[in-house]
Amino acid sequence: MAQKPSIPKGTRDFSPSEMAKRNYIFDTIKGVFKLFGFQQIETPAMENLSTLMGKYGEEGDKLLFKILNSGDYLSNINPVEINQSNSSKLTSKISEKGLRYDLTVPFARYVVQYQNDIVFPFKRYQIQPVWRADRPQKGRYREFYQCDVDVIGSDSLMNEVELIQIVDQVYQKLGIKVVVKINNRKILAGIAETIGEAERIVDITVAIDKLDKIGLEKVNEELLQNGIPVDAVNQLQPILQLSGNNDEKLMQIENVIANSSIGMKGISEMRYVLGILKALSLETEIELDLTLARGLNYYTGAIFEVKSKEVQIGSITGGGRYDDLTGIFGLQGVSGVGISFGADRIYDVMSQLNLFPEDATTTTQLLFVNFGEKEQLYCLPILSQLRSAGISCEMYPDADKIKKQMNYANRKGVKYVAIIGENEMNNGKVTIKNMETGEQKMVNSNGLNSLFN
RNA sequence: GUGGAUGUAGCUCAGGGGUUAGAGCAUCGGAUUGUGGUUCCGAGGGUCGUGGGUUCAAUUCCCAUCUUCCACCCCA
């Protein structure tokens with residue numbers, strides 16, 4: 001009892017049926033990425049801590065999983081230091097590696113490291129797990145997958161457009177109705193500048209990001225609590241209460257921040273992107289949302305977030321432009337833009353809405369009942385023939401009771417069972433049973449393939 | 001880091017200071033040795049999270065601790 005096996009907090013095992021569905025999501029996403037000319041890379045699960053530390057803010061450093069050095073990691077440590085219980089100082093001496101926290105920073109490291117081999121603009125995708133020592137809760141895990149697509153080494157806003165086209169296609173293929181929310185950090189900076197609080201942009205955006213979650217009053221409360229002057233908060237009100245379609249919102253905000261050059265830059269970027277998207281007439285609704293801020297502070301231009309229209313679960317995809325992510329690793333002046341699909345949340349949305357196609361989860365199409373040695377040998381060539389025709393089939397390995405074998409087929413979700421005993425062998429026939437309808441018929445063994453087309 | 005719940009069979013959960021702790025599902029066997037998913041009968045499976053305390057007696061009451069879950073902060 002007490003020593004029942006278990007897995008670490010916030011991690012999950014995936015059963016065969018869960019994996020089938022997860023792979024359906026990954027394959028769909030991957031397929032779209034490839035269609036747009038993106039190339040896959042992978043990076044190690046662990047990175048040097050020096051690569052990871054300080055990239056995600058103070059909070060992020062705490063959420064990094066750190067890996068103890070191999071060997072006698074205490075051998076070079078002065079016992080006095082251990083007794084000082086200064087854990088952050090001690091950590092740097094006993095741990096030099098950590099698990100990756102996202103895919104973007106390792107990607108930046110990769111780009112810098114291989115800058116001479118990479119053909120820019122570099123369009124890469126990466127689908128791998130990341131780890132965060134967060135406290136787990138609903139829809140939130142310590143190990144989860146990200147599916148990142150980024151274009152690095154191009155300032156063109158066509159990249160922003162392309163990423164939204166990708167979002168449009170992926171969710172169309174998966175059958176999830178979504179809305180893409182889009183904003184621009186430059187506009188947010190312009191707002192902060194206009195109300196005279198340019199340095200407080202982070203506090204301001206974090207607060208207004210919560211608008212649709214906690215409401216206007218609470219947002220104002222939080223702003224005041226964070227020391228934003230009443231005047232500034234008052235000036236913010238018309239911005240928080242913008243209404244109308246995207247064009248109308250842009251015009252209103254333009255009037256407010258007309259004196260901020262960075263803000264106006266953001267407006268023109270936004271107008272350009274929205275203009276092209278309009279011309280493309282995508283299926284997906286694009287909504288300019290000036291309250292969208294997103295936490296990661298390396299974003300400098302467009303920011304996106306995708307939400308399901310039918311399931312309340314937070315964002316299922318997010319991203320934006322970062323002008324200088326590689327700068328911290330010594331490569332200046334390289335701009336990138338990217339988005340990340342949250343596979344785990346997409347899974348939750350699709351299960352709730354029952355969107356997984358039935359054939360995404362079927363494995364064996366035909367199971368051969370095993371009657372004994374003679375029958376086994378008779379069946380093997382038939383199995384080979386089916387497999388070379390691309391039909392997945394298997395023979396039950398033991399000559400157990402039919403009841404047990406049928407039960408196996410049933411539990412495994414196998415749709416057809418082939419029964420070959422003495423009767424069938426003598427006549428070159430196969431009895432095929434449909435496990436869903438219970439219907440059963442005898443056919444010629446060499447005509448089997450045609451049943452599965 | 002803060003707050004709230006939780007822990008009894010492989011799983012989901014009931015129960016109760018006093019002989020031998022229950023149910024459903026799952027597993028195995030039988031009814032049925034060429035037919036599953038339905039039905040009926042039977043069997044196996046538990047140190048009641050861990051440590052301590054109160055008591056003649058604790059799985060039950062009390063305290064601590066750990067686990068898992070939920071919310072906040074933050075995030076995908």
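Below, chain A is the first sequence line, B the second, and so on; all start at residue 1.
The P atoms of B:U67 and B:G49 are separated by 16 Å, rounded to the nearest whole Å. Using C1' as the reference atom, B:C11 and B:A26 are 7 Å apart when rounded to the nearest Å. Distance check on atom C1': B:U50 versus B:C41 gives 40 Å, rounded to whole Å. Comparing the C1' positions of B:G7 and B:A14 gives an interatomic distance of 14 Å, to the nearest angstrom. For B:U35 and B:A31, the P atoms lie 12 Å apart once the distance is rounded to whole Å. Straight-line distance between the C1' atoms of B:A58 and B:G51: roughly 14 Å, to the nearest whole Å. To the nearest whole angstrom, the two C1' atoms, one in B:U2 and one in B:C62, are 26 Å apart. Rounded to whole Å, the C1' atom of B:G36 lies 23 Å from the corresponding atom of B:G10.
Atom CG of A:D13 and atom P of B:U68 are 14 Å apart (whole Å). Here B:G34 presents its C1' atom at 14 Å from CG of A:N426, a figure rounded to the nearest Å. The CZ-P distance, from A:R140 to B:C73, rounds to 10 Å in whole Å. Between A:Y408 atom OH and B:A26 atom P the separation is 19 Å, expressed in whole Å. As a whole-Å value, the separation of A:K138 NZ from B:C72 P is 10 Å. The interatomic distance linking A:D398 (CG) with B:U33 (C1') rounds to 16 Å, in whole Å. Rounded to whole Å, the distance from NZ on A:K55 to C1' on B:C74 is 20 Å. Residue A:N226 contributes atom CG, which lies 12 Å from atom C1' of B:C73 at whole-angstrom precision.
Between A:D148 and A:R124 there is a salt bridge, with a side-chain nitrogen of the basic residue lying less than 4.0 Å from a carboxylate oxygen of the acidic one. The pair A:R109-A:E47 meets the salt-bridge criterion, with a side-chain N (NZ, NE, NH1 or NH2) lying under 4.0 Å from an Asp/Glu carboxylate O. Using a 4.0 Å cut-off between charged side-chain N and carboxylate O, A:K123 and A:E162 make a salt bridge. Under the 4.0 Å criterion applied to side-chain N and carboxylate O atoms, A:R142 and A:D134 are not assigned as salt-bridge partners. Taking the charged nitrogens against the carboxylate oxygens, A:D344 and A:R12 do have a contact shorter than 4.0 Å, which makes a salt bridge.
At the phosphate of B:A71, OP1 or OP2 sits under 4.0 Å from a side-chain N or O atom of A:Q137. A sub-4.0 Å separation between OP1 or OP2 of B:U68 and a side-chain N or O of A:R12 is absent. Residue A:K210 has a polar side-chain atom (N or O) positioned under 4.0 Å from OP1 or OP2 of B:C74. An OP1 or OP2 oxygen of B:U35 is reached within less than 4.0 angstrom by no side-chain nitrogen or oxygen of A:K403. OP1 or OP2 of B:U32 has not a single side-chain nitrogen or oxygen of A:K404 nearer than 4.0 Å.
Across all strands shown, B:U35 forms no Watson-Crick or G-U wobble pair with both key distances under 3.5 Å. When both distances must be under 3.5 Å, the Watson-Crick or G-U wobble mate of B:A5 is B:U68. Nucleotide B:G29 has B:C41 as its partner under the Watson-Crick or G-U criteria, with both atom distances under 3.5 Å.
Classified by interplanar angle (parallel below 30°, tilted 30° to 60°, perpendicular above 60°), the ring pair A:F356/A:Y347 is tilted.
Of the N and O atoms on the side chains of A:T317 and A:Y171, at least one donor lies less than 3.5 Å from an acceptor on the other residue.
Here A:G60 lies out of heavy-atom contact (under 4.0 Å) with every strand. Among the protein residues, A:E222 comes within range of no part of the nucleic acid, since none of its heavy atoms lies under 4.0 Å from any strand. Counting any heavy atom pair closer than 4.0 Å across all strands shown, A:I419 reaches a base atom. If you check every strand for non-hydrogen atoms under 4.0 Å, A:K9 touches sugar and phosphate atoms only. At the heavy-atom level, A:Q405 lies nowhere under 4.0 Å from the strands shown. Using a 4.0 Å heavy-atom distance criterion, A:D344 is classed as making no nucleic acid contact.
Both A:Y141 and A:Q440 sit near RNA chain B, but only A:Q440 has its closest nucleotide nearer the 5' end. Place A:K401 and A:G342 on RNA chain B by their nearest nucleotides, and A:K401 ends up nearer the 5' end.
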Which protein N or O atoms sit under 3.5 Å from an N or O of nucleotides 2-7 of chain B?
residue: B:U2; atom: O4; partner: A:R135; partner atom: NH1; Å: 3.1

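Within 3.5 Å, no donor on the side chain of A:E375 pairs with an acceptor on the base of B:G34, nor the reverse. Between the side chain of A:N407 and the base of B:G36, no donor-acceptor pair under 3.5 Å is found. One can find a donor-acceptor pair under 3.5 Å joining the base of B:U35 and the side-chain atoms of A:K433.
In this structure, A:F341 has its ring center closer than 6.0 angstrom to the ring center of A:F33. Aromatic ring centroids of A:Y396 and A:Y408 lie under 6.0 Å apart. The ring of A:Y101 has its center no closer than 6.0 angstrom to the ring center of A:F65.
Remark: ring of A:F371 does not overlap the six-membered base ring of B:G34 in a stacked fashion, as centroids less than 5.5 Å apart with planes less than 30° apart are not both met.
You'll find that the side chain of A:E424 is closest to B:G34, out of B:G34, B:C73, B:A26.
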